[in-house]
Amino acid sequence: MRSSVYFYPTLKEIPQEAQIASHRLMLRSGMITQVTSGIYTWLPLGLKVLAKISQIVREEQNCAGSLEVLMPTIQPAELWEKSGRYHDYGKEMLRIKDRHEREMLYGPTAEEVITDIFARFIKSYRDLPKRFYNIQWKFRDEIRPRFGIMRGREFLMKDNYSFDLTMEGAKASYQAMLEAYVRTFARMNLTAIPVRASSGAIGGNLSHEFQILAETGESEIFYDPEYEKLDVNTLTLDRLQTLYAAADELHDPQNCPVPLDKLKTARGIEIGHVFYFGTKYSIPLGAYVMGPDGKQIPVEMGSYGIGISRLVAAIIEAHHDEKGIKWPDSVAPFKVGILNLNIKDAPCTQLCENLYQKLLQAGVEVLYDDRDLGPGAKFADMDLIGLPWQIIIGPRSVTSGQCEVKNRRTGEKTEMSFDDALHSVSL
RNA sequence: CGGGGUGUAGCGCAGCCUGGUAGCGCGCCUGGUUUGGGUCCAGGAUGUCGGGGGUUCAAAUCCUCUCACCCCGACCA
């Protein structure tokens, strides 16, 4: 992609309304722009990142044996009346009426819709277990939206719903999701701590929230250092139940099993939440299957959310510096940026064009800054939008035959030949 | 919803107290200049001063109603 035809309206000045790093950087790098309180348009650069994150989440969900569906944003009140939540959910639910005065709502979550689908199509224990997920826009009419996309009213969420015959089965589903989450966040260079949680409005009796560590996180969390050694091979539900981790409001220093000198503390951003809630929805919505003994059994359910749009902000909170974003490779909107320091210098531009074409041919996602701007502006913009690699080519490259390759994450700069540059960023 | 604040050019702001018909920086357009960290010079365009009502010879400025947005708190992926 050429910068001259792309669209990323970068801002030199810090937008007044933005308080936290991710919000400021998303606005300044031209990823998003606010439409109204808590509601944003995703501009091309931001949308690209959102799509990359969605894809990673999707791959790990599929890998964990889940089936993707796409449920609507607008749901009928009727379904929520069955579960009792139409009354319970409160003002966070955006309620609307269609032209027939029928009560509708913009879905804040989708337990009712998916459970209804299950109830209508799945009748036998032989079809279990089943897990369905979708990646869809949700709306929660937050009392006070803030921090940009981090707490918007409209947000993109992956929500997965598991259906099992027994509680043991449900726990296996729960564990499969825990593992998928650890893998998912690891792929985004995030350290995630599954903190035991009260299950809130969705209800139930087993719940963990995933906090990802970032210095600017919203809440303080206290956790056993063993958490930092967790990976998918050592992570089991039983093991998790024995480890201590708590967010500040739930932290109880009196009854904390971890000695004070070992207890670790960090800032966390809640990015995912997993729940087991049994038959809370299956019974009222009629999600029963015929068991092996010929009896109707309400299915055991769980639900598992990941705030995808929030992840964009969370990744930035975890990976930025004073100049801008430092994208992990896996979610970067482009892998490489080429900076043509003087497009009016024909030989220099020729070098840039050649390299650009070679990178495209190699299948590398590249943003070529071919705009007629001074070098300073290009350096500043490229650091701001945070592509993992920068290849800097100026008139002096014409005589030296070298370009400068800069690693945005480490700041390391190396002069090398064009072939070497091509090779090193293609890895 | 309670408390606080802000709405003036695309962005960041001054002007408001003490009423006299709108300004600065950045950005944008034109010409030139410069080209390895937001070059420099010259010229130029852009405003229902958030909206309604009122006071006044005269309102960005005073009064009043209203809307939007932001911040703190309670709630949340």
Side-chain angles (χ1 to χ4, degrees), chain A residues 9-20 23-24 27-28 30 33-39 57 89-93 107-110 135-160 181 197-202 207-212 218-219 247 249 268-275 303-314 323-324 339-345 348-349 369 371-384 390-398 400 402-404 406 411 413 415:
Chain A
T10 56
L11 304 172
K12 190 173 356 181
E13 294 181 88
I14 299 171
Q16 183 232 339
E17 74 270 19
Q19 299 298 308
I20 63 167
H23 190 193
R24 287 199 292 263
L27 291 169
R28 287 191 54 215
T33 186
Q34 181 168 323
V35 175
T36 187
S37 181
I39 298 178
V57 171
Y89 214 94
K91 291 195 164 185
E92 284 200 352
M93 179 148 67
T109 176
I135 294 173
Q136 176 62 293
W137 293 94
K138 306 294 193 295
F139 195 95
R140 292 184 192 172
D141 200 358
E142 294 286 339
I143 296 170
R144 182 153 89 87
R146 65 184 114 173
F147 305 144
I149 227 70
M150 187 81 87
R151 184 179 307 292
R153 293 193 289 174
E154 189 182 46
F155 58 98
L156 188 61
M157 182 167 90
K158 181 284 297 179
D159 42 323
N160 187 323
Y181 278 30
S198 62
S199 37
I202 294 182
S207 173
H208 286 86
E209 57 187 37
F210 276 78
Q211 297 275 351
I212 70 119
E218 284 183 275
S219 52
E249 68 277 11
I269 298 168
E270 188 186 351
I271 209 66
H273 211 148
V274 293
F275 301 93
S303 74
Y304 316 90
I306 291 180
I308 292 185
S309 47
R310 178 180 278 191
L311 262 174
V312 180
K323 288 184 174 173
L339 288 79
N340 181 347
L341 297 188
N342 185 356
I343 65 157
K344 288 177 179 159
D345 182 313
C348 171
T349 294
D369 194 343
R371 296 172 299 174
D372 185 11
L373 291 176
K378 293 190 178 184
F379 283 121
D381 267 2
M382 202 57 86
D383 284 344
L384 177 60
Q390 298 176 11
I391 300 177
I392 298 146
I393 299 169
R396 79 185 189 201
S397 303
V398 176
S400 69
Q402 306 257 299
C403 55
E404 183 179 290
K406 175 173 155 183
K413 300 175 191 172
E415 289 277 335

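Naming convention: chains lettered A, B, ... in sequence-line order (proteins, then strands); numbering from 1 in each chain.
Taking atom P in both U6(B) and U64(B), the straight-line distance is 16 Å, to the nearest Å. Here, U61(B) and C49(B) have their P atoms 9 Å apart, quoted to the whole Å. To the nearest whole angstrom, the two P atoms, one in C70(B) and one in C11(B), are 14 Å apart. Going from the P atom of A59(B) to that of A22(B) covers 13 Å, rounded to whole Å. If you take atom C1' in U39(B) and the same atom in U33(B), they sit 9 Å apart, rounded to whole Å. Rounded to a whole angstrom, the distance from the P atom of U48(B) to that of G23(B) is 15 Å. For the C1' atom pair drawn from U56(B) and U66(B), the interatomic distance equals 23 Å after rounding to whole Å. Nucleotides C16(B) and G20(B) are separated by 9 Å at their P atoms, to the nearest Å.
Residue R153(A) is classed as having no contact, given no heavy-atom separation below 4.0 Å to the nucleic acid. Within 4.0 Å (heavy atoms only), M382(A) reaches no atom of the nucleic acid at all. At the heavy-atom level, D383(A) lies under 4.0 Å from base atoms of the strands shown. As judged by a 4.0 angstrom heavy-atom cut-off over every strand, G305(A) is placed among residues making no nucleic acid contact. D345(A) comes within contact range of no nucleotide atom at all, as no heavy-atom separation falls under 4.0 Å. Contacts of E13(A) with the nucleic acid, taken as non-hydrogen atoms under 4.0 Å apart, include base atoms. Within the 4.0 angstrom heavy-atom criterion, no nucleotide atom of any strand lies near G148(A). Residue Q16(A) is in sugar-phosphate contact alone, with no base atom involved, counting any heavy-atom pair closer than 4.0 Å across all strands shown. G272(A) comes within 4.0 angstrom of the backbone, heavy atoms only, and of no base.
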* Structure fact -> 5' to 3', nucleotides 28-34 of chain B under a 4.0 Å protein heavy-atom cut-off (B base, S sugar-phosphate only, - none) gives ------B
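Atom NE2 in H23(A) sits roughly 10 Å away from atom C1' in C70(B) (whole-Å rounding). The interatomic distance linking F210(A) (CZ) with A77(B) (C1') rounds to 13 Å, in whole Å. Remark: C1' of C72(B) and CZ of R146(A) are 8 Å apart, rounded to the nearest angstrom. Distance K12(A) NZ to C13(B) C1': 15 Å, rounded to the nearest Å. I212(A) has its CD1 atom 13 Å from the C1' atom of A77(B), to the nearest Å. Computed from coordinates, the E404(A) CD to G36(B) P distance equals 12 Å when rounded to whole Å. I20(A) places its CD1 atom 14 Å from the C1' atom of C70(B), with the value rounded to the nearest Å. Spacing between atom CD1 of I39(A) and atom P of C69(B) amounts to 9 Å, rounded to whole angstrom units.
Checked by atom type, the side-chain pair D159(A)/S303(A) shows no donor-acceptor distance below 3.5 Å.
Between E142(A) atom CD and E92(A) atom CD the span is 5.0 Å, to the nearest 0.5 Å. Separation of atoms NZ (K406(A)) and CG (D383(A)) is listed at 3.5 Å; rounding is to 0.5 Å. We find the CG-CE distance between L311(A) and M157(A) to be 12.5 Å, quoted to the nearest 0.5 Å. With rounding to the nearest 0.5 Å, the separation of CZ in R24(A) from CG in L384(A) is 12.0 Å.
Formation of a donor-acceptor pair under 3.5 Å by the K158(A) side chain with backbone atoms of I308(A) is not found in this model. Side chain of Q402(A) to main chain of S397(A): no donor-acceptor pair is present (N/O by atom type, distance under 3.5 Å, no hydrogens or angles). In this structure, the side chain of K378(A) does not engage the main chain of N342(A) through any donor-acceptor pair within 3.5 Å. Without hydrogens or angle criteria, R28(A) side chain to I14(A) main chain gives no donor-acceptor distance under 3.5 Å.
Pairing partner, C57(B): G20(B), with both Watson-Crick or wobble hydrogen-bond distances short of 3.5 Å. U6(B): Watson-Crick or G-U partner is A68(B), with both key distances under 3.5 Å. With both pairing distances under 3.5 Å, C75(B) is matched to nothing as a Watson-Crick or G-U wobble pair.
Side-chain proximity of E17(A) to the nucleotides G36(B), C70(B), C26(B) is greatest for C70(B). Closest to the side chain of T36(A), out of G37(B), G36(B), C69(B), is C69(B). Listed candidates were G38(B), G37(B), A77(B). Nearest to the side chain of K323(A) is G37(B). When each of C1(B), G27(B), U35(B) is scored by its nearest atom to the side-chain atoms of I143(A), the top-ranked nucleotide is C1(B).
Under 4.0 angstrom from either OP1 or OP2 of A74(B) there lies no side-chain N or O belonging to R144(A). OP1 and OP2 of A68(B) both lie 4.0 Å or more from every side-chain N or O belonging to S37(A). At the phosphate of C70(B), OP1 or OP2 sits under 4.0 Å from a side-chain N or O atom of Q34(A).
We find that the ring of F155(A) and the base of A77(B) stack, their centres lying under 5.5 angstrom apart and their planes tilted less than 30°.
For T10(A) and G38(B), a side-chain-to-base donor-acceptor distance below 3.5 Å is absent, hydrogens and geometry of angles not being considered. Between the base of G36(B) and the side chain of N342(A) there is no donor-acceptor pair shorter than 3.5 Å.
Partners of E404(A) under the salt bridge (Lys or Arg N to Asp or Glu O under 4.0 Å) rule, at least two apart in sequence or in another chain, do not exist in this structure.
A heavy-atom distance below 4.5 Å is not found between the side chains of K138(A) and E154(A).
Place P395(A) and K91(A) on RNA chain B by their nearest nucleotides, and K91(A) ends up nearer the 5' end. Where R396(A) and P145(A) meet RNA chain B, the nucleotide closest to each residue was compared, and R396(A) sits on the side nearer the 5' end.
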